[in-house]
Colleague: 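The structure under discussion is supplied below as structure tokens; questions concerning it will follow.
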Number of protein chains: 2
Amino acid sequence: MASRPEVTLAQRKRQLVSTELTEAALQLLALKGFDSVTIDEIVAAAGVSQRTFFRYFRSKEDVVVQFLVDMGADIRADLAARPSAEPPSVALRHAVWVPIAACADHPERTLRVVQLILRTPALLARFLERQEQWRDDLATELASRLGLDTGHAVYPQMAARMALAAFGTVLQRWSDSEGKEDPAELTDQAFAVIAPALDTI
Amino acid sequence: MASRPEVTLAQRKRQLVSTELTEAALQLLALKGFDSVTIDEIVAAAGVSQRTFFRYFRSKEDVVVQFLVDMGADIRADLAARPSAEPPSVALRHAVWVPIAACADHPERTLRVVQLILRTPALLARFLERQEQWRDDLATELASRLGLDTGHAVYPQMAARMALAAFGTVLQRWSDSEGKEDPAELTDQAFAVIAPALDTI
DNA sequence: GCCACGCATGGCAGTTACTGTCAACAAGTG
DNA sequence: CACTTGTTGACAGTAACTGCCATGCGTGGC
């Protein structure tokens with residue numbers, strides 16, 4: 001046994017508090033809007049102290065954005081797992097599809113959050129800031145795939161930005177249509193636009 | 001005379017206070033970093049009260065980002081002025097070149113500010129948030145140029161995002177190279193990447 | 001010249017996000 | 001049992017931001 005001897009009781013407790021805070025925050029924020037909810041209300045609902053909140057999240061915005069952050073690592077991981085013979089447009093489409101599929105799988109959970117983020121300036125700002133990290137990761141991964149130097153060629157940077165442009169467009173259209181438009185179809189349309197640029201490497 | 005009877009003394013006084021605050025802020029921020037400078041220090045250097053500061057700027061970040069905001073309107077204006085027969089890649093290249101040229105014209109003034117923004121998470125977040133407005137403007141302008149409906153075609157959104165991707169890449173490379181790389185050349189390279197996608201409309 | 005009005009400003013109190021510090025407590029280890 | 005490690009809560013403190021009100025300064029009517 002001991003396949004995971006590291007998953008101690010303490011770690012599970014941490015996970016519990018984290019999800020408890022996230023749930024409480026998302027419910028309150030979706031209900032009253034971002035600005036009208038204070039940290040005190042969130043921690044009261046979760047049953048912890050304010051100090052504990054800031055041990056789990058760096059800022060009020062982080063509670064909402066956090067669940068999208070982990071997706072960044074998934075994108076890069078998926079891109080790295082793609083066969084290197086695959087053209088960039090196909091590989092990137094698959095990589096970007098990972099977080100979109102996660103949203104599409106639980107629309108009732110994610111749609112509200114996505115809408116909240118896209119329509120709240122403070123949250124949107126943090127979300128975009130996190131995407132910068134995704135972009136750098138994607139760019140370096142692409143550069144190593146293609147044997148290019150990130151410092152000299154603009155292609156990796158541009159390709160990463162174009163992929164995230166597709167991601168953003170899909171998210172926005174999905175949000176604005178209240179989830180009625182099909183994410184898969186939107187992703188196809190977005191990548192159809194950028195594919196000619198991605199594959200002229 | 002009276003070519004501008006609206007430019008009263010009061011308005012010029014407002015402009016004076018605004019620039020005074022901006023100058024004081026930029027100097028202090030470039031010197032000590034964004035987080036280490038307080039509003040109190042800025043207003044002390046500018047000789048006004050803290051309350052007055054927040055009558056001119058919505059937040060501490062705004063002092064830095066503000067000067068980049070007006071560029072957004074310029075981009076759209078330039079795009080609208082372009083002949084409609086021009087392919088999107090050329091028209092967008094010219095539109096995006098407007099703010100880049102403004103930076104390239106006064107490198108000693110703008111390089112520090114651009115670096116400060118790109119390297120300070122809080123400032124970067126606000127900057128990106130403002131760009132969202134640029135993007136919407138560009139997208140609607142492009143849609144009307146091409147007679148498309150923003151609500152049904154993804155092309156205008158994607159084209160606007162690609163143009164801003166080029167803008168961001170140029171800014172980042174210019175900033176990372178300490179101004180040594182030529183903005184015009186970087187712009188050409190970036191648009192060379194996206195041109196195949198932009199012109200397959 | 002004088003008064004009234006608009007408008008920018010400053011001071012002040014208050015809210016809220018966020019941080020440093022310390023003591024208490026629980027769990028695992030020798 | 002002593003010791004270490006990790007999590008938590010309470011408290012004080014900083015700094016960003018806002019509402020309110022009084023003050024002064026320029027402009028226009030009389």
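Quantities reported herein were computed from a predicted structural model and do not represent experimental measurements.
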Colleague: Remember a base hit wins even if backbone is also touched, and classify B/Phe57 as base, sugar-phosphate or nothing at under 4.0 Å, heavy atoms.
Modeller: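 Nothing: the residue B/Phe57, judged by heavy atoms under 4.0 Å, touches no strand.
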
Colleague: Rounded to whole Å, please give me the gap between CG in B/Leu21 and P in D/dA16.
Modeller: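 Interatomic distance, CG of B/Leu21 to P of D/dA16: 14 Å.
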
Colleague: Start with the C-alpha distance between B/Glu132 and B/Leu128, add both sets of side-chain angles, then the distance that settles side-chain contact (heavy atoms from CB on, under 4.5 Å), and finish with yes or no.
Modeller: CA-CA 7 Å; B/Glu132 295 286 295; B/Leu128 295 172; over 6 Å; no

Colleague: Specify the separation, in whole Å, of atom CZ of B/Arg12 and atom P of C/dA8.
Modeller: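 So the CZ-P distance, B/Arg12 to C/dA8, works out to 15 Å.
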
Colleague: Using a 4.0 Å heavy-atom cut-off across all strands, classify B/Arg55 as base, sugar-phosphate, or nothing.
Modeller: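 Base contact - B/Arg55 has a heavy atom under 4.0 Å of at least one base atom.
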
Colleague: If you apply the rule salt bridge (Lys or Arg N to Asp or Glu O under 4.0 Å), what do you find for B/Arg109 with B/Glu23, and how did you get there?
Modeller: CA-CA 11 Å; B/Arg109 274 189 63 83; B/Glu23 292 299 319; 3.5 Å; yes

Colleague: Quick test: give all pairs of protein nitrogen or oxygen and nucleotides 24-30 of chain C nitrogen or oxygen below 3.5 Å, distance rounded to 0.1 Å.
Modeller:
none

Colleague: Give a yes/no answer on whether the side chain of B/Ser49 brings an N or O atom under 4.0 Å of OP1 or OP2 in C/dT9.
Modeller: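 No.
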
Colleague: How would you list, by chain and number, every residue that makes a ring pair (Phe, Tyr, Trp, His ring centres under 6.0 Å) with A/Phe54, sequence neighbours excluded?
Modeller: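 Applying ring pair (Phe, Tyr, Trp, His ring centres under 6.0 Å) to A/Phe54 gives none.
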
Colleague: A/Arg51 side chain: which of D/dG19, C/dG20, C/dC18 is closest?
Modeller: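 Among the listed nucleotides, the one closest to the side chain of A/Arg51 is C/dG20.
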
Colleague: In this structure, how many angstroms lie between the C1' atom of C/dT19 and the NZ atom of A/Lys60, rounded?
Modeller: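 Roughly 18 Å, once rounded to whole Å.
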
Colleague: Under the criterion side-chain contact (heavy atoms from CB on, under 4.5 Å), I'd like the reasoning laid out for B/Phe191 against B/Leu198: C-alpha separation, chi angles, the key distance, then a yes or no.
Modeller: CA-CA 9 Å; B/Phe191 270 88; B/Leu198 289 175; 4.3 Å; yes

Colleague: Would you mind reading off the distance between A/Phe53 atom CZ and D/dG9 atom P, rounded to a whole angstrom?
Modeller: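 My rounded result for the distance is 13 Å.
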
Colleague: Rounded off to whole Å, could you give me the CZ-to-C1' distance for the B/Arg14 and D/dG26 pair?
Modeller: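 Result: 15 Å.
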
Colleague: Take a 6.0 Å sphere around CD of B/Gln27 and say whether it holds more than 12 heavy atoms from other residues, nucleotides or ligands.
Modeller: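 Open: at most 12 neighbouring heavy atoms sit under 6.0 Å from CD of B/Gln27.
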
Colleague: Please report the distance, rounded to the nearest Å, between CD in B/Gln50 and C1' in D/dA16.
Modeller: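 Going from B/Gln50 (CD) to D/dA16 (C1'), I get 7 Å.
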
Colleague: For atom CZ of B/Arg112, decide whether the heavy atoms of other residues, nucleotides or ligands shown that lie under 6.0 angstrom number more than 12.
Modeller: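 No, not enclosed.
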
Colleague: Please list residues of residues 30-40 of chain A whose heavy atoms come under 4.0 Å from any atom in DNA chain C, ordered by number; otherwise none.
Modeller: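 Those residues are A/Val37, A/Thr38, A/Ile39.
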
Colleague: Please give, in whole Å, the distance from C/dT9 P to B/Gln11 CD?
Modeller: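 Those two atoms, CD and P, are 13 Å apart.
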
Colleague: Could you check A/Leu79 against A/Arg145 for side-chain contact (heavy atoms from CB on, under 4.5 Å), going step by step and ending with a plain yes or no?
Modeller: CA-CA 9 Å; A/Leu79 180 61; A/Arg145 265 177 79 93; 4.2 Å; yes

Colleague: If I take atom CZ in residue B/Phe54 and atom P in nucleotide D/dA16, what distance separates them, rounded to the nearest angstrom?
Modeller: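 Interatomic distance, CZ of B/Phe54 to P of D/dA16: 7 Å.
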
Colleague: Between B/Trp134 and B/Phe167, what is the ring plane arrangement, given parallel below 30°, perpendicular above 60°, and tilted in between?
Modeller: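 Because their plane-to-plane angle lies in the 30° to 60° range, the rings of B/Trp134 and B/Phe167 count as tilted.
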
Colleague: With a non-hydrogen cut-off below 4.0 angstrom, is B/Tyr56 in contact with a base, only sugar-phosphate, or nothing?
Modeller: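 Sugar-phosphate: the residue B/Tyr56, judged by heavy atoms under 4.0 Å, touches backbone atoms but no base.
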
Colleague: Show the numbers, then the answer: is there a side-chain contact (heavy atoms from CB on, under 4.5 Å) between B/Glu181 and B/Gln189?
Modeller: CA-CA 12 Å; B/Glu181 293 198 79; B/Gln189 291 176 14; 5.8 Å; no

